[in-house]
Amino acid sequence: MNTDFVFLHLLADRGGRPAALVLRAPDGLPMDGLPPALAELPARLPCLLRAGAPAAVAEALAQAGWQPLAGIHVLQTAVPFDSTLPPGVRYVEGDWPLAPPTRPPGQQAASRALALQLVQLVNRDADTHEIEGLLRRDPTLSYHLLRLVNSLGTAGGSRKVTSFAQAILILGRQQLRRWLNLMLFAAREGDMRSAMLLARVSVRARLMELLARAAGLDRHHQEQAFMTGMFSLLGVLFGSPLRDVLAPLALGSAVQEALLDGAGELGTLLALVQAAERDAGDELAGALGALQVSAADFNALAAEAHLWMLSVIEDAALQRTGTDNA
């Protein structure tokens, strides 16, 4: 069994919201396999260490704010849960967010379908007026877009943005595409899976992008890697075959083949990230060897991807608060 990797997993609270990170550092992990970015995580979210880590690794993590998992009741489940959890359960772990969805409320289903249509328009480089017309049909999406772009304008000292066309121009098509991808998974009332799905696809997308860069792929391929990771759970989100969900989208052949057949460089990157999600160290080591990426570099990239994911879910939480107060 390979002992060069650290594996990070997100735990949910009793309401299904992202609540803590847990790390497995196998016995035999060298100190140089411990990425410095792990020290930044405890300031953002409770961070817990599974038993079995080498003493020096455990001590270094403890000094950075990581706490032992021992004694904390974590429920393992592959199915969604409700408020009838045993009273001692603090966190929930497992693949329950990947379970088929209950039928979403009409407004939520319509909003996600509209976001998917917007992704389609952006992918085929549609006219701004077409994109603007769709945005006008969903007050939640349009609110979040203007809020995002206004915040960027404030940071740069620019004037406030007051129209969708102006917002699209300022944000740019590439960033608009990324934002729409994330908004597909943004938490909506009635689907407790969405916050954890957003977290998972954020890690996948960012880690695939970082791995593409580490493997020497150009910026275009890095962007394709991000898109592949972000779209990889659309079938889970909508409760439909992924092929059917992707059918109306104008995706390039490389992304399409990676998602549906696991083919090409992007398919290799997706399989690699999925191996990390399963803690499959030997499979991960083989895939990284083919890319000429070291275990220590992978650990650092995984920590960086989790830091980015925390920023995404923090922003999503602020957006929900802003919508509630609007």
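Computed from heavy atoms alone, side chains included, the values below leave out hydrogens, waters and symmetry copies.
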Check whether more than 12 heavy atoms from other residues, nucleotides or ligands sit under 6.0 Å from atom CD of Gln76, and answer yes or no.
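Atom CD in Gln76 is crowded, with more than 12 foreign heavy atoms closer than 6.0 Å.
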
Any side-chain heavy-atom pair of [X] and [Y] under 4.5 Å:
X: Ile168; Y: Leu171; value: no
X: Phe7; Y: Leu284; value: yes
X: Phe298; Y: Leu272; value: yes
X: Val57; Y: Leu49; value: no

Looking at [Y], is its backbone amide N or carbonyl O close enough to the side chain of [X] to form a donor-acceptor pair, meaning the two atoms are under 3.5 Å apart?
X: Asp244; Y: Gly235; result: no
X: Arg14; Y: Val89; result: yes
X: Arg200; Y: Leu98; result: no
X: Arg17; Y: Ala195; result: no
X: Trp66; Y: Leu38; result: yes

So which atom in [X] and which in [Y] form the shortest heavy-atom distance, rounded to 0.1 Å?
X: Trp96; Y: Ala12; result: CZ2-CB, 3.7 Å
X: Leu48; Y: Ala20; result: CD1-CB, 4.4 Å
X: Leu301; Y: Leu210; result: O-CD1, 3.7 Å
X: Ser202; Y: Val312; result: OG-CG1, 3.5 Å
X: Leu8; Y: Ala303; result: CD1-CA, 4.2 Å
X: Ala25; Y: Val6; result: CB-CG1, 4.2 Å

Starting from [Y], can I reach [X] by hopping between I/L/V/M/F/W/Y residues whose side chains sit under 4.5 Å apart?
X: Met227; Y: Leu197; value: yes
X: Val119; Y: Leu246; value: yes
X: Phe5; Y: Val293; value: yes
X: Ile72; Y: Leu61; value: no
X: Leu169; Y: Leu176; value: no

Verify side-chain contact (heavy atoms from CB on, under 4.5 Å) between Phe81 and Met192, making sure each step is shown before the conclusion.
CA-CA 9 Å; Phe81 51 93; Met192 75 178 299; 3.7 Å; yes

Apply side-chain contact (heavy atoms from CB on, under 4.5 Å) to His306 and Met309, showing your working.
CA-CA 5 Å; His306 279 79; Met309 174 270 292; 3.8 Å; yes

Please step through side-chain contact (heavy atoms from CB on, under 4.5 Å) for the pair Leu291 and Leu269, ending with a clear verdict.
CA-CA 9 Å; Leu291 293 177; Leu269 291 176; 3.6 Å; yes

Does any pair with a residue in residues 35-55 pass side chain to side chain donor-acceptor pair (under 3.5 Å), and if so which ones, sequence neighbours excluded?
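Applying side chain to side chain donor-acceptor pair (under 3.5 Å) to every pair that reaches into residues 35-55, excluding sequence neighbours, yields Arg44-Ser311, Arg44-Glu314, Arg50-Glu93.
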
Can Val273 and Leu211 be said to form a side-chain contact (heavy atoms from CB on, under 4.5 Å), step by step?
CA-CA 9 Å; Val273 172; Leu211 284 166; 4.0 Å; yes

Applying side-chain hydrogen bond (donor to acceptor under 3.5 Å, both in side chains) between Glu209 and each of Arg219, Arg204, Gln222, report the one that passes.
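Checked Arg219, Arg204, Gln222 against Glu209; only one passes side-chain hydrogen bond (donor to acceptor under 3.5 Å, both in side chains): Arg219.
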
